[in-house]
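None of the values given here were measured: they were computed from a predicted structure.
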Amino acid sequence: MPNIEIDGQTIEVAQGATLMDAAHQLGIFIPHFCYHKKLSIAANCRMCLVEVEKAPKPLPACATPVTEGMKVRTHSAKAVEAQKGVMELLLINHPLDCPICDQGGECQLQDLAVGYGGSASRYAEPKRVVKEKDLGPLVATDMTRCIHCSRCVRFGQEIAGRMELGMIHRGEHTEVMPFLEQQVTSELSGNVIDLCPVGALTSKPFRYSARSWELGRRKSISPHDGLGSNLLLHVKDNKVFRAVPRENEAINECWLADRDRYAYEALNSSERLTQPMVRDGDKWIEVDWQKALTQAAGALRVLRETHGGNALAALASPHQTVEELHLVQKLMRALGSEQIEHRLAQTDFSGDTKRKGATWLGMPVAELNQLQRVLLVGATLRKEQPLIAQRLRQATKWGAQLNVVHAADDELNCRVANKLIAKPTAWVNALAQIAKALLEAGASLPAEVAGQLNNVTVSDAARAIAASLQDGERKAVLLGAVAQNHPASAQLQQLAAAIAEASGAKLGFLSPSANSVGAQIVNAQGAPANDAKGYLLLGVEPELDVHDGGQAIKALDQAEFVVALSAFKGRVMDYADVVLPIAPFSETAGSFINMEGRLQAFNPAVKPQGEARPAWKVLRVLGNQFGLAGFEHDSVEAVRAEALPQGEAGVAARLDNSIAGVALQSLAAQAGLERLGETPIYQLDPLTRRAPALQRTQDALDAACAWTNGGVIERLGLAAGNNVRVRQGGAEAVLRLCRDDRLPDDVVRVAVGPLTAHLGARFGGISLEAV
Amino acid sequence: MSTKVCMWTLDHPEPASLKTYVANGGYEALKKVLAEKMPAEQIIEQVKISGLRGRGGAGFPTGLKWSFMPRQFPGDKYIVCNTDEGEPGTFKDRDILRFNPHQLIEGMVIAGYTLGARAGYNYIHGEIFELYESWEQALEEARAAGFLGKNICGSGWDFDLHAHHGYGAYVCGEETALLESLEGKKGQPRFKPPFPASFGLYGKPTTINNTETLASIPWIVRHGGQAFLELGKPNNGGTKIFSISGHVNKPGNYEVGLGTPFAELLEMAGGVRTGHKLKAVIPGGSSAPVLPAEIMMDLTLDFDAIAKAGSMLGSGAVIVMDDSVCMVKALERLSYFYFEESCGQCTPCREGTGWMHRVIKRIEHGEGRPEDLDLLTSVGHGIAGRTICALGDAAVGPVQSFIKHFRKEFEYHIEHKKCMVGN
């Protein structure tokens with residue numbers, strides 16, 4: 001390990017480290033623009049030039065490897081002269097529009113110009129002007145401000161996995177731009193805003209709405225996918241203006257998915273419910289909390305007295321906090337109901353009795369990067385878990401083999417070693433083939449599974465996946481949301497567990513929601529039913545959240561009384577009898593448990609809007625309304641202490657993916673067209689559904705179409721681009737038909753969304769016909 | 001008649017043909033190397049003795065460069081020939097391709113043998129497309145004659161060559177930008193280290209030499225390093241093709257021994273344009289600092305002498321300017337070239353070349369300011385030595401040398417808003 005001296009301080013650094021690394025270890029700041037610790041070294045901005053003894057020229061610290069005995073001066077006259085020289089050149093063509101630039105106040109160029117720039121420019125010639133680029137609804141451009149550091153370009157290639165931005169032309173004419181007539185469609189695109197050291201790439205929804213120095217910074221946790229990305233909410237005047245990443249190497253690193261970054265827009269939506277209301281026939285009447293609560297509790301009490309406690313049911317969103325989910329299950333159980341459910345998109349609960357604990361990732365998130373072999377089952381990975389996809393992409397760069405079983409051969413922006421693409425009803429058989437291939441290759445499979453594989457014929461693809469999994473170290477079998485929501489989910493889990501055991505892999509669940517693990521830990525689950533007389537909805541939009549939206553709406557329409565705790569109006573106003581406005585994550589304190597079992601608590605960033613109140617308080621007072629004991633908590637911490645008496649350690653003890661005793665009954669695929677009904681990336685929860693910018697992305701537009709392959713389209717005499725009638729059971733929807741030849745035969749991809757909410761279950765038979 | 005290493009085929013009919021080449025000892029060096037299974041160390045040693053220095057501009061000792069190549073490295077290794085002859089004033093490599101393509105092929109095959117490569121590429125710049133095509137024909141001839149491809153000269157050893165043409169970017173003559181371009185990417189220089197010898201084409205060990213350098217190899221192998229050295233002078237072995245352009249009566253390529261006095265070369269080129277006096281010479285391609293006539297007339301043409309005088313032998317492109325030349329206008333043109341050819345990757349070159357050009361243009365158009373000359377010097381200082389590749393230095397060389405040697409002319413332009421030369 002070489003020893004070097006920087007600014008008089010000596011340090012021993014790792015072989016191959018750069019001067020920038022060494023300076024960082026010593027806490028010495030070297031000015032830079034193109035350098036970024038997560039990106040490859042470009043050495044193009046030249047801002048980090050430093051003086052190195054015996055080197056004739058100043059050297060870029062970011063790209064110069066240390067050698068034994070090197071003596072470096074980062075702030076000597078020679079170094080500073082070089083740095084100032086570069087700064088002058090960076091500024092000559094940079095517009096002097098800081099007063100109207102959104103980056104102002106948080107601009108690396110501006111900050112460093114204070115230290116290294118001149119007070120007046122020697123450049124008296126006309127400045128460069130660069131044409132704007134349309135990158136889509138999320139990222140605004142002012143390309144004249146670009147200093148060509150190439151961070152955004154490298155981000156696309158190296159992190160997002162797809163080069164959507166590039167540099168064209170030469171010299172002073174160099175421009176960063178997307179492909180002609182194309183926008184940036186990556187689900188991680190917003191990160192280029194953070195990476196851009198100047199105001200060339202800024203947030204489109206945030207544009208011109210506040211100056212950075214006016215904004216307060218509040219720590220928070222993203223309430224969307226199961227990763228639990230760490231956020232900073234930027235607030236002003238009791239309003240959230242934007243969300244940016246809070247670095248946490250163990251979770252989101254320094255990144256955010258666009259969903260985490262832009263869903264904040266919904267917090268300020270005009271659809272926010274800000275006043276308790278009660279139904280009066282077809283009218284809604286705004287009332288005070290007391291009246292609303294009295295009416296809600298009164299009606300539910302009557303139903304309970306008439307039909308028994310189990311006539312009441314609660315549907316709770318897994319995007320609600322640990323405390324809220326704890327109180328809702330406590331309330332329901334105190335009322336004598338076991339009908340509580342957060343796994344709303346699931347249909348197969350037969351695994352509940354075959355499992356010992358709560359399902360989770362099975363390992364720390366940070367270990368995903370180190371995996372060598374992965375089998376991904378039923379995960380629309382980039383859309384379900386954008387940053388998990390990023391981590392697995394990094395793993396593949398280091399040689400990991402990614403194997404996929406899914407009904408869609410989506411582009412994962414990384415190398416996929418083997419894949420078995422089949423219609424959903426063929427998945428049990430697909431996993432059985434892999435298990436059998438492992439068995440045939442000499443691996444030891446649990447006897448109860450091995451005994452059920454006699455009639456399974458192993459395909460070459462399954463054999464290749466098995467071979468991949470048998471090789472290497474550090475392996476995982478990961479089940480995505482589609483696998484978890486699959487009608488034969490327990491069988492898939494059983495087989496995945498067997499495959500994991502036989503190949504020495506860990507079994508993991510990619511928790512779809514921010515608090516999927518927390519909801520299991522507080523036991524906000526039981527036996528969901530569709531025929532309750534009274535419903536309590538917590539942060540749920542049943543038509544979109546429940547596996548069969550049409551059936552859910554029917555059940556709610558038929559119920560005698562529905563109390564909805566919701567942050568938003570929307571369709572809940574059609575079937576609820578009392579609506580109670582609750583605070584979204586930004587306006588309440590609480591905690592989520594992410595997919596690796598990490599308990600992350602957060603405080604409110606702003607006060608609740610209007611009369612909205614934290615849901616934990618509403619549930620506690622509802623408990624009081626029923627006169628129940630044990631609803632005396634005076635703080636969210638008190639609720640948390642009750643819900644998780646041993647804190648995070650207690651959570652860890654209850655995480656267990658193992659499963660045993662599931663019979664394989666679905667080894668034969670069904671004939672005919674089948675629906676692949678995913679929750680699209682921007683339909684995950686009530687917040688994302690109401691984020692206007694996200695709803696304008698290509699991902700959102702694509703999700704509103706019906707997709708199938710060219711063979712199906714031809715066979716049915718349809719035409720891609722035209723509208724098509726989609727029928728499922730008695731329900732139908734008219735959608736635009738799109739062609740995706742990477743879908744296997746007989747699969748029709750119809751995602752859950754406003755246009756399809758009333759259709760039937762997410763999987764099963766479906767038909768298409770011309771309109 | 002003096003010995004010619006590269007341009008000797010011009011003394012024969014059909015200079016480019018395989019027949020002419022073979023009839024005059026062509027491919028003998030390759031046959032000898034293969035027949036004797038000549039050790040690579042021996043070839044490299046002869047190249048070191050020869051004093052052969054890179055003919056593309058930098059003048060790096062070729063033997064030393066070859067010794068950097070990890071010959072024992074088990075995977076693929078490459079030889080790349082740089083015929084991206086983009087330096088203004090240089091037009092020698094195209095004539096090697098035009099008149100003696102087989103000597104380059106032979107040189108590259110020997111280099112491949114020596115350095116353990118199985119394949120080589122010749123990157124030929126886009127403006128000489130007909131030579132790209134004719135060189136491909138020469139490759140076919142060589143393959144048919146057993147000098148290239150499988151089992152070369154019956155030795156059981158395989159090596160193949162491919163032509164690749166660029167699209168005319170000057171920066172692609174920089175060896176790592178050339179590699180990027182060859183890989184199908186945008187031609188932008190790579191940061192070094194790592195150097196191509198360890199991480200070159202497709203990340204594999206690669207040696208890149210200029211056309212004239214590689215074409216000199218067969219001569220060295222046939223006649224020995226010492227004989228080559230003696231064609232020139234110590235540390236500056238061999239002959240060199242000088243491309244003389246500008247205000248001479250007979251512009252063209254002249255191959256002479258290194259160390260030949262400039263005055264002699266000027267004489268060969270028919271002297272300065274009749275009726276005019278020599279004013280200045282750019283001795284090694286447009287990026288070499290300009291030298292005034294009085295300095296130039298006393299110089300010999302070799303790497304060391306010209307470097308001592310404050311310029312570079314460079315690619316051997318001698319640009320002769322007589323007393324009709326306005327140095328401000330000449331510099332405006334040169335600075336425009338570098339402004340347009342900067343790849344745009346690093347800040348100093350991307351921003352600074354445009355700045356320098358605009359200031360010089362302003363001076364040329366009578367809008368100069370007294371402080372502009374110091375400004376130009378200062379901006380140049382902020383570019384030189386601070387970029388990934390040498391293009392930044394190349395852009396600054398002319399500016400600083402023109403102002404250094406012809407400052408009065410610039411000052412006159414600024415003060416009188418017109419030229420002191422001519423009208």
Side-chain angles (χ1 to χ4, degrees), chain A residues 16 18 32-34 40-49 55-60 62-65 67 78-79 81-94 109 121-128 146-150 153 157 163 166-176, chain B residues 167-172 176-177 185-194 336-362 367-369 371-372 374-376 378-393 395:
Chain A
T18 63
H32 60 266
F33 295 105
C34 70
S40 64
I41 292 166
N44 61 30
C45 78
R46 316 308 283 179
M47 192 63 206
C48 67
L49 290 173
K57 305 186 280 192
L59 297 176
C62 70
T64 305
T67 52
K78 197 173 160 189
E81 194 257 341
Q83 293 157 4
K84 286 189 167 175
V86 171
M87 175 55 79
E88 177 179 36
L89 290 163
L90 279 171
L91 291 176
I92 62 169
N93 274 309
H94 189 79
L109 186 65
S121 176
R122 299 191 292 167
Y123 185 72
E125 327 304 321
K127 288 192 178 217
R128 173 174 60 225
C146 176
I147 59 168
H148 308 93
C149 70
S150 77
V153 175
Q157 288 172 294
M163 189 179 186
M167 291 246 199
I168 67 154
H169 302 315
R170 277 202 306 253
E172 221 187 80
H173 313 298
T174 302
E175 286 182 36
V176 170
Chain B
Y167 284 91
Y170 173 67
V171 76
C172 288
T176 56
K185 301 173 190 157
K186 187 179 181 189
Q188 286 190 333
R190 298 175 182 168
F191 182 81
K192 289 142 288 216
Y336 181 68
F337 175 80
Y338 290 102
F339 163 52
E340 282 296 334
E341 293 294 343
S342 165
C343 84
Q345 187 178 198
C346 340
T347 306
C349 178
R350 179 184 65 240
E351 307 292 346
T353 50
W355 192 358
M356 290 195 303
H357 169 65
R358 291 194 179 92
V359 173
I360 296 161
K361 187 177 172 188
R362 210 173 58 204
E367 291 160 22
R369 298 159 199 173
E371 64 273 21
D372 278 349
D374 289 342
L375 177 65
L376 281 172
S378 162
V379 172
H381 180 68
I383 301 171
R386 293 181 185 173
T387 49
I388 287 176
C389 80
L391 198 148
D393 296 44

Given heavy-atom pairs under 4.5 angstrom as the criterion, report whether the side chain, backbone, both or neither of [X] touches chain A.
X: B:Arg190; answer: neither
X: B:Glu371; answer: neither
X: B:Ala384; answer: neither
X: B:Glu340; answer: both

Structural part of [X] lying under 4.5 Å from a heavy atom of chain B:
X: A:Pro56; result: neither
X: A:Met167; result: both
X: A:Leu59; result: neither
X: A:His173; result: side chain

TODO: Report yes or no: does B:Lys186 contribute a side-chain atom to a donor-acceptor pair with the main-chain N or O of A:His169 at less than 3.5 Å?
DONE: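 It does hold such a pair.
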
Open item on the list: Quick check against the 3.5 Å criterion: does B:Gln345 have a side-chain atom that pairs as donor or acceptor with the backbone of B:Gln188?
Closed with: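 Looks like no, no N/O pair under 3.5 Å.
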
Open item on the list: For chain A, which candidate among B:Cys349, B:Gly354, B:Gly352, B:Pro348 shows the most heavy-atom pairs at distances under 4.5 Å?
Closed with: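 Option with the top pair count is B:Pro348.
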
- [ ] Between chain A and each of B:Gly382, B:Pro193, B:Cys343, count heavy-atom pairs under 4.5 Å; write down the option with the most.
- [x]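 Looking at each option in turn, the highest pair count goes to B:Cys343.
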
Open item on the list: Before you tell me yes or no, could you show the steps for A:Phe33 and A:Ile147 under side chain to side chain contact (heavy atoms under 4.5 Å, CB included), namely the whole-Å CA-CA distance, both residues' side-chain angles and the distance that decides it to 0.1 Å?
Closed with: CA-CA 9 Å; A:Phe33 295 105; A:Ile147 59 168; 3.8 Å; yes

Open item on the list: Heavy-atom pairs under 4.5 Å with chain B: which of A:Cys149, A:Pro58, A:Pro60, A:Ala82 has the most?
Closed with: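 Of the candidates given, the most pairs with chain B belong to A:Ala82.
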
TODO: Name the option with the most non-hydrogen atom pairs under 4.5 Å to chain B; the candidates are A:Gly85, A:Ala124, A:Cys45.
DONE: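 The candidate making the most pairs under 4.5 Å is A:Cys45.
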
Open item on the list: Side chains of B:Arg350 and A:Leu90, heavy atoms from C-beta outward: is any pair under 4.5 Å?
Closed with: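 Yes, side chains in contact.
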
Task: Any A:Glu88 side-chain heavy atom under 4.5 Å of B:Trp355 side chain - done: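 Side-chain contact under 4.5 Å: yes.
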
Task: Listed partners of B:His381 passing ring pair (Phe, Tyr, Trp, His ring centres under 6.0 Å), at least two apart - done: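 Result, ring pair (Phe, Tyr, Trp, His ring centres under 6.0 Å) vs B:His381: none returned.
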
- [ ] Classify the ring geometry between B:Tyr338 and B:Tyr170 as parallel (under 30°), tilted (30 to 60°) or perpendicular (over 60°).
- [x]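 Plane angle over 60°, so perpendicular.
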
Task: Separation of B:Ile388 CD1 from B:Thr176 OG1 (nearest 0.5 Å) - done: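 The distance works out to 8.5 Å.
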
